[in-house]
Amino acid sequence: MHTAAAAAPTERFAARTAGMTASEIRALFAVASRPEVVSLAGGMPNLAALPLGALAAEVSDLVQREGEVALQYGSAQGVPALREQICDVMALEGIRADPDDVVVTVGSQMALDLVTRIFCDPGDVVLAEGPSYVGALGSFAAYQARVVHIAMDEHGLVPDLLRDALRTLAAQGITPKFLYTIPNFHNPAGVTLAVERRAEVLEICATHGVGVVEDNPYGLLGFSGRTYPALRSLDSSVVYLGSFSKTFASGLRVGWALVPPAVRDRLVLAAESATLCPPSFTQMLVSRYLAGHDWHSQIKTFAEAYRDRRDALLDALETYLPEGCTWNVPDGGFYVWLTVPEGVDTKAMLPRAVTARVAYASGTGFYADGFGSRQLRLSYCYPTPERITEGVRRLAGVLEAELDVMRTFGTPTRPALGPAPARNGPQTPGPHTP
């Protein structure tokens, strides 16, 4: 007797997996991590300034004194003491929060994924700045949501363009599920939403019945000493995502969501189905760190180190890059957003850059609609200032070679593309022009 052959595994996949593809940035990491390559691509925090000896002692004491609790299953919502401390952290940005409304997650990426899961059905529209965080675009694609980008300028998301997009969508009978925004030291664009625009953006969204998801991993890493008011501090309906990955240690994977009470129960249920509970051990370690160490000063130390690296990058860009390149000057965070001369395709150029032993993140990975071919993201957080300078020197050589080809043959270095779709506003934030 013959039995029917089992279906190929790919034939059993859910339809939504079609949107689950490796991002350009993640695929680059294996190459960019080679020691001979200066990587200006990944946004890895520089942990050299952490008090590792003191943390090692803290880990040992945690296991010895509280190991039976720390190594056991815990609450799906998170350790209560840490949720109280998270409220203290958010208070620095003007947020008044109840620990009961905090849900601890395995990094803020998990929080974003869960928020998308509980709000978005296939085909729903999500608004996001253009460009936007690649991890967010991956989550939206995985749940089959459609992204409509709203352009930024040097002051962040442009309110008038947000209005225009919402009116256009309303005319089609579409109400987006939420606006996803990174208001402070944006990834990848490096810009900050102007304080005077924040209430306006919230008012526009409220008028159109659109929620707001605020992702704020970099907000305490400003270089001027200024802390910006969170959108959540202005509107308690905002879903706020936070993380200790940039201000403490990314490998611990401790993040959180602050959500309205009406959202909390569903978010906790979604978290339970994903992980049952976040790891108690890492939460308790973070809690001990916040309680027993001068974390305010540690964040200041991080910010000073990143400011020095930013300055090294800006100086190198000014010194080495060819005419026609423009960039912004971030006041915090990890990234500079660079625009190259017309005709250069940063995605097509990337293999040649890696051959020249320098890596960056091409701009197309930060758009859901195919834009960004003239842009790239440079990350200054991890390499030393000396390595940053050398990386930009190598990048400049690659750009000069691309431009030489264009001058010689009179053709763009990028492949021919069809007509670009209509967009709201320019592709990039208003740059600094050297």
Side-chain angles (χ1 to χ4, degrees), residues 25 40-46 89-90 92-95 107-109 112 128-136 150-158 179-198 201 212-233 238 240-248 250 255 296 298-314 317 327-338 360-361 363 366 375-382 388 428-432:
I25 290 82
L40 304 174
M44 293 190 301
N46 193 303
V89 173
M90 293 188 293
L92 297 176
E93 297 173 314
I95 297 174
S108 62
Q109 177 67 36
L112 174 59
E129 292 132 340
S132 189
Y133 166 52
V134 65
I150 311 298
M152 294 181 283
D153 61 18
E154 66 271 25
H155 302 298
L157 187 148
V158 181
L179 166 68
Y180 170 76
T181 178
I182 305 173
N184 300 321
F185 319 129
H186 189 275
N187 177 11
V191 299
T192 294
L193 181 62
V195 171
E196 56 270 21
R197 289 186 178 182
R198 298 188 178 214
V201 166
V212 175
V213 176
E214 176 182 18
D215 196 355
N216 190 31
Y218 310 98
L220 298 181
L221 292 173
F223 301 151
S224 65
R226 181 180 185 183
T227 301
Y228 294 92
L231 298 178
R232 171 69 192 224
S233 72
V238 170
Y240 177 97
L241 309 181
S243 175
F244 290 107
S245 291
K246 310 303 188 294
T247 57
F248 182 21
S250 55
H296 292 86
Q298 184 64 56
I299 290 174
K300 183 179 179 182
T301 298
F302 281 141
E304 290 172 351
Y306 295 139
R307 182 179 60 204
D308 291 344
R309 285 164 165 77
R310 178 209 61 177
D311 291 346
L313 178 60
L314 295 177
L317 294 175
W327 56 88
N328 65 305
V329 177
D331 191 34
F334 285 8
Y335 307 109
V336 164
W337 188 242
L338 173 68
Y360 58 81
F366 301 99
Q375 282 73 47
L376 57 89
R377 187 191 74 180
L378 298 175
S379 172
Y380 50 79
C381 50
Y382 189 75
I388 289 170
T428 67
H432 158 73

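This is a predicted model, so every value here is computed, not measured. These values consider heavy atoms only, across backbone and side chains, with no hydrogens, waters or symmetry-generated copies.
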message: Are the side chains of V195 and P229 in contact, using a 4.5 Å heavy-atom criterion?
response: yes

- request: Just do the side-chain contact (heavy atoms from CB on, under 4.5 Å) check on T227 and L220 with the steps written out, would you?
  value: CA-CA 6 Å; T227 301; L220 298 181; 4.2 Å; yes

- prompt: Do Y335 and P330 come within less than 4.5 Å of each other through their side chains, counting heavy atoms only?
  reply: no

query: Among F185, Y380, Y360, F366, whose ring-ring contact (aromatic ring centres under 6.0 Å, His included) with W337 holds?
result: F366

message: Give me the atom names and distance for the closest heavy-atom approach of Y306 to G333.
response: CB-O, 4.2 Å

- request: Would you mind reporting whether M152 and P131 have side-chain heavy atoms less than 4.5 Å apart?
  value: yes

statement: For V238 and L231 the tightest heavy-atom approach is CG2-O, 4.1 Å

- prompt: Going through the distances and angles, do D215 and N187 end up as a side-chain contact (heavy atoms from CB on, under 4.5 Å)?
  reply: CA-CA 10 Å; D215 196 355; N187 177 11; over 6 Å; no

statement: One should read off an interatomic distance between L40 CG and R309 CZ, to the nearest 0.5 angstrom, of 12.0 Å

Closest heavy-atom pair and its distance - R232, E214: N-OE1, 2.9 Å

message: Would you say CZ of F302 has more than 12 non-hydrogen atoms from neighbouring residues, nucleotides or ligands within 6.0 angstrom?
response: yes

- request: Could you tell me the separation between the CG atom of L112 and the CG atom of L241, rounded to the nearest 0.5 Å?
  value: 6.0 Å

query: Do E93 and N216 get their side chains close enough for a donor-acceptor pair, meaning under 3.5 Å?
result: yes

- prompt: Between I95 and S233, is a side-chain contact (heavy atoms from CB on, under 4.5 Å) present by the stated rule, with each step listed?
  reply: CA-CA 4 Å; I95 297 174; S233 72; 4.2 Å; yes

- prompt: Is any side-chain heavy atom of E129 closer than 4.5 Å to a side-chain heavy atom of L157?
  reply: yes

message: Could you check whether any side-chain heavy atom of L193 comes within less than 4.5 Å of a side-chain heavy atom of N184, counting everything from C-beta outward?
response: no

message: Measuring only between side-chain heavy atoms, which start at C-beta, is L179 closer than 4.5 Å to V213?
response: no

- prompt: Looking at side-chain heavy atoms only, is the closest gap between Q298 and T247 below 4.5 Å?
  reply: no

query: How far does CD1 of I182 sit from OG1 of T192, to the nearest 0.5 angstrom?
result: 11.0 Å

field: Contact summary for R377 and G43, nearest pair of heavy atoms
entry: NH2-N, 4.0 Å

query: Hey, what do you get for CE (M44) to NZ (K246), rounding to the nearest 0.5 Å?
result: 12.0 Å

task: Please step through side-chain contact (heavy atoms from CB on, under 4.5 Å) for the pair T181 and H186, ending with a clear verdict.
output: CA-CA 9 Å; T181 178; H186 189 275; 5.9 Å; no

task: State yes or no: are the ring centers of F334 and Y218 separated by less than 6.0 Å?
output: yes

Rounded distance (nearest 0.5 Å) linking atom CD of Q109 with atom OG of S243: 10.0 Å

statement: Heavy-atom nearest pair, P45 first then S245, reads CG-O, 3.4 Å

query: Are any of the side-chain heavy atoms of L314 and V336 separated by less than 4.5 Å?
result: yes

- line: For S108 and G242 the tightest heavy-atom approach is CB-O, 3.3 Å

S224 and D331 side chains, donor-acceptor separation under 3.5 Å: yes

From CG (L376) to CH2 (W327), nearest 0.5 Å: 11.5 Å

